[in-house]
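Indexing begins at 1, ligand by ligand and atom by atom, following the structure's order. Note that the structure is a prediction, hence the values are computed from the model and not measured. The first residue of the sequence shown is numbered 1, and numbering continues consecutively from there.
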Amino acid sequence: QYAALTEETLSSRIGAIKPIAQRLGGDPSGWSIEEVGDGNLNLVFIVRGTLDTVIVKQALPYVRMVGDSWPLPLYRATYEHHALVRQAERDPGSVPEVIHFDENQALIAMEYLTPHTILRKKLIEGERVEGLGEFLGKFCARTAFRGSELSMQSADKKADVGVFSGNVAIPAITEALVFTDPYYPAEMNHHNAVLDPLVTALRSDVALKVAAQQMLQAFASNTETMVHGDLHSGSVMCTDRESKVIDPEFSQYGPMGFDVGMLIANFLMSFFSQPAHRKSADLSDYQGWLMAQIMTVISRFDEEFTRLWDSERTGMLYPAALFEDQGHSSQPALQAVLDGIWHDALGICGIEMHRRVLSLAHNADFETIENIEERGKLEARNLMMGRDLVLQRSGSDPAQLIETLASRYAEE
Ligand code: SR1
Ligand code: MG
């Protein structure tokens with residue numbers, strides 16, 4: 001029988017589970033337990049034993065940030081577990097190690113990352129992380145490529161899409177909150193009143209709404225690869241030189257450009273929010289570092305994807321039998337695939353920049369700016385660039401488009 005854990009009940013409820021007890025050591029009644037979940041959905045406990053510390057994450061049967069008026073199935077923990085296992089295979093060392101999974105309790109016990117902290121907090125504080133763009137670019141390329149028919153045989157891929165097909169509730173959140181709600185006055189939306197005229201203009205922009213619906217159609221029906229599904233700066237934990245990706249509870253099959261597009265949007269929102277967080281002497285240096293991370297994500301994605309194309313193209317798509325074995329280069333095909341990925345990624349990037357300012361779930365980059373006039377000015381730059389990205393996503397060079405638009409709007 002499922003029951004939500006509390007700091008008081010956790011040790012007696014899970015103290016007898018061998019992999020957890022062995023890892024932590026000591027008498028469970030002496031474990032120190034702290035609930036630290038500050039995300040939108042789940043309970044997260046740090047459990048300290050005599051030998052080690054572990055994280056216990058448990059799904060609640062409702063959306064934590066809203067309350068029990070919004071029920072949400074516990075089965076999401078099963079898909080999060082599936083995703084963690086697949087990500088660990090597809091990019092070893094990139095995600096926390098899973099210690100134990102309990103489907104009935106919707107509970108995952110995993111490695112405690114220390115002294116890592118959430119990337120979003122680091123970016124607000126103006127901290128830098130060595131190798132960040134390299135790590136994230138490779139993570140996106142490896143998981144995109146190795147979860148697709150470029151790497152997998154048709155039967156294996158279809159079976160895995162089948163495994164994920166029972167997850168309807170989580171994709172429905174993204175379909176509404178990310179792709180749809182920003183573009184009309186949906187019930188749970190909220191935004192800074194300073195933005196009212198711009199919001200009216202965006203919601204009257206038919207070309208923008210058509211593009212968002214086209215992207216939603218692709219998101220809902222395109223099963224190119226298993227995506228993380230919520231790869232923002234709150235889903236990355238770092239020290240000053242090591243990064244890990246966490247929280248794939250929004251994982252599903254979707255477009256290969258989804259994760260990298262959402263990730264870049266979150267770097268851009270950090271970029272646009274910086275004037276409120278940095279002294280002007282440090283501002284351009286730090287924005288330069290953020291832009292360099294975005295550029296590195298793009299170039300590393302392309303390099304790693306190309307390396308995998310050349311060395312691991314073992315799946316159903318673009319087999320060597322049709323290309324290299326016949327004396328034909330497959331490079332034009334690679335370019336076409338990459339063009340499609342960046343077309344999708346630029347579009348997703350734009351709508352993520354919109355939904356974090358207009359829909360239900362906002363981000364701390366902007367929300368922590370107390371002066372609403374100042375916040376509105378920075379949010380407006382972000383919204384306008386998001387629109388340009390969506391409408392100019394076809395045939396654009398991603399690095400060039402992002403750099404040009406970001407510097408144009410940063411100077412307004
Ligand atoms: C109701 S869930 C709101 C948001 O939180 C998650 O982190 C996802 O980004 C989702 O869209
Ligand atoms: Mg999350």
message: I'd like to know if K157 pairs up with E149 as an ion pair, taking the criterion as any Lys NZ or Arg NE/NH1/NH2 lying under 4.0 Å from an Asp or Glu carboxylate oxygen.
response: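 Yes.
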- prompt: Is any NZ, NE, NH1 or NH2 atom of the basic residue among R120 and D365 found under 4.0 Å from an Asp or Glu carboxylate oxygen of the other?
  reply: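 Yes, R120 and D365 are salt-bridged.
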Atoms of ligand 1 close to [X] [distance to a heavy atom under 4.0 angstrom, numbered from 1]:
X	answer
D230	6 (C), 7 (O), 8 (C), 9 (O)
A361	3 (C), 4 (C)
V63	1 (C)
W70	1 (C)
N40	3 (C), 4 (C), 5 (O), 6 (C), 7 (O)
R355	9 (O), 10 (C), 11 (O)

Closest approach of any protein heavy atom to atom 2 (S) of ligand 1, naming residue and atom: L41 CD2, 3.9 Å
- request: Tell me which protein heavy atom sits closest to atom 10 (C) of ligand 1, plus the residue, atom name and distance to 0.1 Å.
  value: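 Answer for atom 10 (C) of ligand 1: F250 CZ, 3.7 Å.
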message: Using 30° and 60° as the class boundaries, would you call the ring planes of F145 and F305 parallel, tilted or perpendicular?
response: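 Aromatic pair F145/F305 classed perpendicular.
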query: In terms of ring plane angle, is the pair F164 and H82 parallel, tilted or perpendicular, where the classes change at 30° and 60°?
result: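 Taking H82 first and then F164, their aromatic rings sit tilted (interplane angle of 30° to 60°).
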task: Look at ligand 1 and say whether T174 reaches it with a heavy atom at a distance under 4.0 Å.
output: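 No, T174 has no heavy atoms under 4.0 Å from ligand 1.
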task: In sequence, state the C-alpha distance, the side-chain angles, and the governing distance for D339 and Q335, and then conclude on side chain to side chain donor-acceptor pair (under 3.5 Å).
output: CA-CA 6 Å; D339 289 348; Q335 198 49 57; 2.9 Å; yes
message: Using a 4.0 Å heavy-atom cut-off, which part of R356 comes near ligand 1: side chain, backbone, both, or neither?
response: side chain
task: Kindly confirm or rule out a cation-pi arrangement of R381 over F272, judged by NZ or CZ under 6.0 Å from the six-membered ring centre and within 45° of its axis?
output: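 Not flagged: R381 not positioned over aromatic ring of F272.
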message: Taking atom NZ as the centre, does K377 end up with more than 12 heavy-atom neighbours from other residues, nucleotides or ligands that are less than 6.0 angstrom away?
response: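 Atom NZ in K377 is not packed in, count stays at 12 or less.
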